[in-house]
Amino acid sequence: MYKVLLVDDEFMISDGISSVVNWSRLGTELIGIAQDGLEALASIERQRPDIIISDIRMPGMDGLQLVEAVAEKYQHISFIMLTGFTEFEYAKTAMQYGVKHYLLKPCSEEHLVQAISELVSEKRELTDQERFVQSIQYNLERVLPHAKEYFLKELVTNRTYGVKEWKYFEELFDVQFQDQRVRLLLVEIEGDHEYLHLFAVKNIAEDIFHNPILSATVGRHVLLIMEDKLSETQLFHNIDEIRATFTRYYHDDLTIALSEPGDLSQARHLYMQTLVYLNYRFYLGEGSLIMERDIYSPGERILPEFEYDPERMVTAIKAGHWQEVGSELNRMFQLLASLRYDISQTKSYLIQMFMEMIRLSGSAEMKRYMDQLPGMIESSTLHSFQQFLLAVAKEITLRRYDQHRSRQSQMVGSVKQLVEKRYKDETLTLQSIAGEIYMNPDYIGKMFKKETGEKFTNYVLSYRIRKALELLEQDGNYTVSSLAEQTGFGANWPYFSKMFKKYTGFSPSEYKKVP
């Protein structure tokens with residue numbers, strides 16, 4: 001509702017106007033009636049009307065003087081002047097104060113309503129325009145920082161932009177960046193994380209590096225550009241604070257690349273520099289701060305050849321010797337870490353090693369390992385690659401060890417069966433058994449001792465004595481010579497008697513008498 005003040009010293013006119021007009025229908029309300037200009041001014045101070053309907057001729061302060069006084073202080077107030085025919089030319093002087101509406105007294109209700117309606121329409125239109133301008137201003141203020149961030153991010157990351165675009169950018173935002181010395185931070189979150197975590201890193205970095213030139217998300221990274229004003233000690237402290245704060249809340253680590261100082265116009269070059277640095281997390285590990293001093297430039301040194309013979313590791317895997325395999329692999333990774341070849345070259349060596357390993361497994365296991373190859377190739381660090389290969393090597397090596405143990409057990413079982421079958425044969429020897437199962441006697445002896453804990457000869461001797469005891473239990477009338485002959489000692493009964501006493505503590509004759 002627009003507020004209307006009626007000013008007229010003639011009661012009949014003011015009362016008539018106030019009662020004839022349907023104020024609310026016009027979107028207005030009558031807030032008061034003043035008898036002259038001075039009374040009107042006091043009411044204006046208190047109630048701040050939007051429209052004043054005023055007579056020109058009034059005692060004290062007339063309508064023209066009221067218009068002049070109001071125009072100086074309240075420019076938003078609109079006037080409708082009521083004037084007599086003879087006063088019309090005089091009333092025109094009010095036009096210099098923006099008064100457009102004049103009604104001859106006595107005025108009709110229709111003309112008055114029309115005049116009020118026009119003023120209300122004008123005010124509504126002006127209000128809408130003001131709101132529109134305010135909205136544009138508000139939206140511009142809101143979007144300008146984002147537009148600035150977007151254009152600056154594009155200038156840094158888009159290779160098609162150059163000096164011309166930098167100049168346009170400066171004019172657009174009325175800033176001078178060309179002579180500023182800056183450093184770039186490029187931050188990567190380790191492990192699985194949500195996209196929201198990037199904004200957390202961005203906000204943390206903005207709080208710690210107050211008012212950076214740019215803080216933005218770029219793909220899976222957070223990019224920060226700040227003026228090169230901090231000492232290196234303070235700079236490192238701030239970076240550590242970013243990592244510590246993020247890890248405290250999200251339990252993930254950050255790998256951060258820090259560029260060398262440079263002009264802001266070189267920001268794209270510095271950005272590409274930090275991208276290269278981040279690749280060296282492969283060697284330096286997750287959660288590192290990586291700078292120029294931490295990496296080697298390919299042109300600065302001649303890299304030696306990678307001299308490593310995988311045959312030693314392959315032989316150890318085949319033999320099931322996990323400790324030896326682990327030592328060989330760790331030695332190989334230490335060598336690769338010290339050489340720091342191009343990452344793709346290092347990965348090619350590791351893939352070759354991986355293929356050498358899995359060839360020693362069965363077809364089903366080999367397929368399972370091959371399915372893991374893409375993930376292995378994407379390994380973000382040399383350490384994670386190392387852990388993966390160690391796990392695969394250990395699995396294959398221990399499987400080989402179990403297979404060896406199984407074969408050994410089968411072989412020892414076969415030897416025991418042959419002893420059980422031929423223990424009466426005094427020609428039974430390790431060599432004769434080796435001939436039957438087509439194996440090396442020294443190997444059989446070694447594996448038999450490893451599996452049973454005793455030498456083959458001792459096992460045969462104790463088995464024969466046990467059989468002699470079984471015979472004596474069945475028939476106590478056996479003679480010493482017949483027991484010796486029945487248990488593989490042949491005619492050498494004195495030796496049998498000696499071994500019997502050694503194992504039982506009694507001679508065969510004494511054992512018979514034991515109750």
Flag the pair Glu206 and Lys202 as a salt bridge only when some basic side-chain nitrogen lies within less than 4.0 angstrom of an acidic carboxylate oxygen.
-> yes
Cation-aromatic face contact Lys455/Phe448, 6.0 Å, 45 degrees | no
Among Arg268, Arg183, Arg181, salt bridge (Lys or Arg N to Asp or Glu O under 4.0 Å) partner for Asp263 = Arg181
Rounded to the nearest 0.5 Å, the CG atom of Leu223 sits from the CG atom of Leu185 at a distance of 8.5 Å
Worked check of salt bridge (Lys or Arg N to Asp or Glu O under 4.0 Å) between Glu395 and Arg399 | CA-CA 6 Å; Glu395 189 175 299; Arg399 190 184 301 120; 3.1 Å; yes
Determine, step by step, whether Tyr503 and Ser462 satisfy the side-chain contact (heavy atoms from CB on, under 4.5 Å) criterion, reporting the C-alpha distance in whole Å, the side-chain angles of both residues, the deciding distance to 0.1 Å, and the verdict.
-> CA-CA 8 Å; Tyr503 276 85; Ser462 62; 3.6 Å; yes
Inter-residue atom distance Ile465.CD1 - Glu470.CD, 0.5 Å rounding = 12.0 Å
Glu194 and Arg220 ion-paired at < 4.0 Å | no
Between Arg464 and Glu426, is the closest basic N to carboxylate O distance under 4.0 Å?
-> no
Do Ser509 and Ser507 get their side chains close enough for a donor-acceptor pair, meaning under 3.5 Å?
-> no
Pair Arg243 + Asp253, salt bridge at N-O below 4.0 Å | yes
Residue pair Phe496 / Pro508, side-chain heavy-atom distance below 4.5 Å = yes
Ionic contact status for Glu365 with Arg368, cut-off 4.0 Å = no
